[in-house]
Number of protein chains: 2
Amino acid sequence: MPTPIQQRRERERAQRQQLIVATARELAETEGWDAVTIRRLADSIEYSQPVLYSHFADKGAIIDAVALQGFAELVTVLRSAGTGRSGRKKLDALAKAYLDFADEQPALYEAMFTLASDLPFGTPEAPSSLREGYEELRTAFAAHADGRDVDVLTEVGWSALHGLATLTRARRLRPDLRDQRLPLLLGLLRG
Amino acid sequence: MPTPIQQRRERERAQRQQLIVATARELAETEGWDAVTIRRLADSIEYSQPVLYSHFADKGAIIDAVALQGFAELVTVLRSAGTGRSGRKKLDALAKAYLDFADEQPALYEAMFTLASDLPFGTPEAPSSLREGYEELRTAFAAHADGRDVDVLTEVGWSALHGLATLTRARRLRPDLRDQRLPLLLGLLRG
DNA sequence: CTCCATTGCCTAGCAATGCTAGAAACTGGA
DNA sequence: TCCAGTTTCTAGCATTGCTAGGCAATGGAG
């Protein structure tokens, strides 16, 4: 039975936790993840370092929290790109939305896919946004399965998008071909 | 005009440099890149830390050297997978070889694609193995271009393989669908 | 209003890391 | 045997993630 005063404290605590995550994300996006140190975060939120450790077990947990936020946002981005469309148009819109997301928030995407330390993925307690994101993609691919297994197609399509996103960011692909890659991929995917 | 004795010294130096790279790679593969510290490398090669810095500007340069070695090996792997085959068989073999390479030497692959600090890629002095690797893939894709731009197709195909490799390693794909993904991708790629 | 227990917070520090300055030791020729 | 030049090592710095132990604020009881 929580007293009102305890409730207020928990509220403030949750708020501060959110501030930590937001600060980490912002700093990562502007100066890169290397610049995200516990000391700088502590300075930013105007608390001492141990306070951070009362919210998160270690630095990795902070990154995980940012990643999780990223997945949640990716879901909403994909959803809004998909609503009102279907078939080919839906797939095109989702793919473009996915690449734009990765392109516009590279540090966030990095947290989600190369920094996050083993977020539970295939497990029951996979944070729901992960599964939801997958489902969102799946509905777009379903229309183009054409006899093929929808899940396999989704995984392969997602992998292609992910590879495109990461190799583009690492500048390993020719800039002058940039606008031709996604159309070609979409052509492949719809058979 | 180098005296013989200088030559010997340079030879020994090159040998030691190679030892550093090999040690870093081995340690990374067995214990992960986090375990690769300058101190441990120095201990392993039985020299003090500053000696390492007489070979490499910083730790990143060591990783880059490992990555470069990886690209050279990837080229030979792809070549040997491709020789004697053509058309569909060649593409299949190359793709499988690529994924096997990434799967069997995850730390090496990580050095090549997520750790390497800006190896010059699109530039004139892109270490030749990078361009050679791309060319090797390109020849395999050329047979299936079918009107499409070969370079775009190669980049997209490569991205898909890369995405598959990284997402698989991060355990974000369903293990039970593992054997179905590559065949489906190959089906897409050949049109 | 005063006291006190509980909770929350901060100061100070540890161990490990990448990297470097300066001294010491070795090398090979005179 | 000695010396100049190079190579190597010892010792240390600054920064990092993380933690122990003490201090202070908070809010209820008398």
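Residues A:L78 and A:F101 are not in side-chain contact: their nearest non-hydrogen atoms beyond the backbone lie 4.5 Å or more apart.
The side chain of A:R16 contributes an N or O atom lying less than 4.0 Å from OP1 or OP2 of C:dC9.
Of the charged side-chain nitrogens involved, at least one lies within less than 4.0 Å of a carboxylate oxygen, so that A:R88 and A:D92 count as a salt-bridged pair.
For B:I38 and D:dT16, the CD1 to P distance is 18 Å, given to the nearest whole Å. For B:D58 and C:dT20, the CG to P distance is 8 Å, given to the nearest whole Å.
A donor-acceptor contact under 3.5 angstrom links the side chains of B:S117 and B:D64, judged on distance only. Side-chain N/O atoms of B:Y134 and B:D151 include a donor and acceptor closer than 3.5 Å. Checking A:T139 against A:K90 by side-chain atom types alone, a donor-acceptor pair falls below 3.5 Å.
The stretch residues 40-57 of chain B comes close to DNA chain C through B:Q49, B:P50, B:Y53, each having a heavy atom under 4.0 Å from the strand. If you check residues 23-37 of chain B against DNA chain D, you find no residue with a heavy atom closer than 4.0 Å.
A:Y47 carries A:R16 over the face of its six-membered ring, with the cationic atom under 6.0 Å from the centre and within 45° of the normal.
For the atom pair NZ (B:K96) and CG (B:L161), the distance works out to 12.5 Å, reported to the nearest 0.5 Å.
Ring geometry for A:F113 against A:H162 counts as tilted: the plane angle lies between 30° and 60°, on a 0 to 90° scale.
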